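In what follows, a structure is listed as structure tokens, so that the remarks can point back to it.
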Amino acid sequence: MTSYTDGDEQMSYNVGSFPKDFGYGNFEHEESQSSSDQKPRILLMGLRRSGKSSIQKVVFHKMSPNETLFLESTNKIVKDDINNSSFVQFQIWDFPGQIDFFDASFDSDMIFGGCGALVFVIDARDDYIEALTKLNQTVTKAYKVNSRIKFEVFIHKVDGISDEEKQETQRDIHQRATDDLADSGFDQILLNFHLTSIYDHSIFEAFSKVVQKLIPQLPTLENLLNILVSNSGIEKAFLFDIVSKIYIATDCSPVDMQSYELCCDMIDVVIDLSSIYGSDGAVDSQSASVIKLNNSTILYLREVNKFLALVCILREDNFSRQSVIDYNVLCFREAISQVFELRTKNQKANGDGSTDDEDDDFDSNINGSSIVQSENSILT
Ligand SMILES: Nc1nc2c(ncn2[C@@H]2O[C@H](COP(=O)(O)OP(=O)(O)OP(=O)(O)O)[C@@H](O)[C@H]2O)c(=O)[nH]1
């Protein structure tokens with residue numbers, strides 16, 4: 001029988017092109033880390049072999065997609081601590097596919113109580129009727145315990161499926177899932193759908209959106225990026241978590257997949273080169289890189305802190321004012337460190353257990369003082 005006891009904390013990394021020790025260490029300004037229990041939780045649920053463990057391994061442990069073919073079935077909850085900067089701190093719980101909500105050892109209050117987001121994975125290549133039934137059971141059960149959970153449905157393994165087929169599958173799953181919820185009297189539950197595959201960047205993009213919803217400072221970060229972009233002639237800017245390549249914030253212009261992929265590839269190139277030629281770690285405060293594309297576009301990467309990098313896309317003409325951009329990036333970096341400091345101060349003041357309400361206060365503080373200050377110092 002499945003046991004729902006605590007799983008192993010998986011802290012070793014199979015990091016592909018990353019240096020072996022390039023994982024989520026302690027953030028140097030973070031004097032006190034939130035305990036694991038206080039971190040928001042992301043639950044990975046879905047039928048057996050739908051691809052849950054593969055997603056977690058590929059996104060957070062740099063496992064190559066082909067290696068996931070050899071993953072064994074999960075038979076207990078596996079908890080994984082993602083201990084990054086103050087912005088990216090959560091736990092991922094990977095559930096066995098054959099989970100039984102009626103099992104006496106399934107403590108739904110404990111499991112769904114502290115849950116920030118529930119990711120339900122559906123294998124798009126399989127007959128998904130059973131998966132939809134399970135989705136309905138899972139979501140309604142979780143909602144009854146905690147109505148604040150964000151529900152994300154990954155329509156997974158869409159590699160090798162034509163674009164029309166993808167859209168049709170998404171439309172069908174969306175329709176059936178929302179109809180099922182309405183039939184069970186839960187039409188107030190909002191499901192978000194993402195087409196994903198571990199064989200391309202779609203899984204990183206989808207996970208970025210899930211993680212962003214768990215970052216209370218997101219509006220502040222977006223605001224800072226908007227100010228930076230509009231004053232520096234930048235077309236698009238992403239704030240990346242370097243280790244996982246998920247972006248934790250971007251400016252308000254729409255994200256197109258190609259730009260995101262280019263930026264991810266740039267991070268890979270920089271990490272690879274830094275690991276070979278750099279002296280200490282993969283990135284440091286001097287880390288920067290410029291890639292000129294053959295369509296008069298520039299990719300510009302700057303380190304923000306140990307875990308975060310800013311990657312910008314801009315036209316070559318606008319890059320002639322690089323010193324202005326660099327100055328603005330310095331202001332941006334300073335503003336981000338102020339956000340960190342305030343966050344840490346708030347956490348300490350609240351005994352490390354800041355709630356959403358406290359984070360709201362935090363946001364208004366930053367918007368009221370620090371951003372204005374950085375806005376003034378950004379050159380136009
Ligand atoms: N084609 C394709 N195969 C995938 C993808 N993601 C996962 N797989 C494959 O799906 C199979 C099952 O993956 P797992 O990650 O073990 O699935 P799981 O949901 O964790 O399974 P349980 O632990 O049994 O619940 C593996 O052979 C993976 O290689 C994907 O995006 N595309």
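Basis for what follows: all heavy atoms, side chains included, without hydrogens, waters or symmetry-related copies. Just so it is clear, the structure is predicted and the values come from calculations on it, not from any experiment. Every number for a ligand or one of its atoms is a count from 1 in the order of the listing.
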Is the closest side-chain heavy-atom distance between Phe207 and Ile42 below 4.5 Å? yes
Nearest to atom 17 (O) of ligand 1, what protein heavy atom do you find, and at what distance? Gly51 N, 3.1 Å
Below 4.0 Å from ligand 1: does a non-hydrogen atom of Gly46 turn up there or not? no
Here the atoms of ligand 1 under 4.0 Å from any heavy atom belonging to Ser73 are 22 (P), 23 (O), 24 (O)
Any Arg125 heavy atom less than 4.0 Å to ligand 1: yes
Looking at the rings of Phe204 and Phe240, which for Trp means the six-membered one, are their centres under 6.0 Å apart? no
Yes or no on side-chain contact (heavy atoms from CB on, under 4.5 Å) for Ile155 and Tyr128, after CA distance, side-chain angles and deciding distance? CA-CA 10 Å; Ile155 302 169; Tyr128 44 75; over 6 Å; no
Considering only heavy atoms of Thr68, which atoms of ligand 1 have at least one such atom less than 4.0 Å away? 26 (C), 27 (O), 28 (C), 29 (O)
Polar-atom distance check: Ile198 versus ligand 1, any N or O pair below 3.5 Å? yes
Tell me if a side-chain donor or acceptor on Glu316 pairs with a main-chain N or O of Leu293 at a distance below 3.5 Å. no
Quick test of your reading of the model: are Glu130 and Lys134 salt-bridged, counting only N-O distances below 4.0 Å? no
Which of the atoms of ligand 1 are close to Gly97, meaning less than 4.0 Å from one of its heavy atoms? 25 (O)
Top protein contact for atom 23 (O) of ligand 1, by heavy-atom distance: Thr74 N, 2.6 Å
Looking only at distances, can you tell me whether any N or O atom of Leu71, backbone or side chain, sits closer than 3.5 Å to an N or O atom of ligand 1? no
Please check if any side-chain donor atom of Ser184 sits under 3.5 Å from a side-chain acceptor atom of Thr140, or the reverse. no
Could you list the atoms of ligand 1 found under 4.0 angstrom from a heavy atom of Arg48? 24 (O), 25 (O)
For ligand 1, which atoms have a heavy atom of Ser197 less than 4.0 angstrom away? 31 (O)
So does Arg125 have more than 12 non-hydrogen atoms from other groups sitting under 6.0 Å from CZ? yes
From His156, Gln56, Lys157 - option closest to atom 6 (N) of ligand 1 by heavy atom: His156
Check the hydrophobic clustering (I, L, V, M, F, W, Y; side-chain heavy atoms under 4.5 Å; chains of links allowed) and say if Val290 and Leu262 are grouped together. yes
Can you find an N/O atom of Pro65 closer than 3.5 Å to an N/O atom of ligand 1? no
Answer with yes or no whether the side chains of Asn295 and Thr297 bring together a donor and an acceptor at under 3.5 Å. yes
Show me which atoms of ligand 1 lie under 4.0 Å from any heavy atom of Leu69. 27 (O), 29 (O)
Salt-bridge present (Arg176, Asp180; N to O < 4.0 Å): no
Any donor-acceptor pair under 3.5 Å from Asn146 side chain to Phe112 backbone: yes
May I ask you to check if ligand 1 and Ser54 share an N or O to N or O distance below 3.5 Å? yes
Could you tell me whether Asp159 approaches ligand 1 through its side chain, its backbone, both or neither, with non-hydrogen atoms closer than 4.0 Å? side chain
For atom 12 (C) of ligand 1, state which one of Met63, Arg49, Lys52 supplies the nearest heavy atom. Arg49
Ligand 1 N/O within reach of Ser53 N/O, cut-off under 3.5 Å: yes
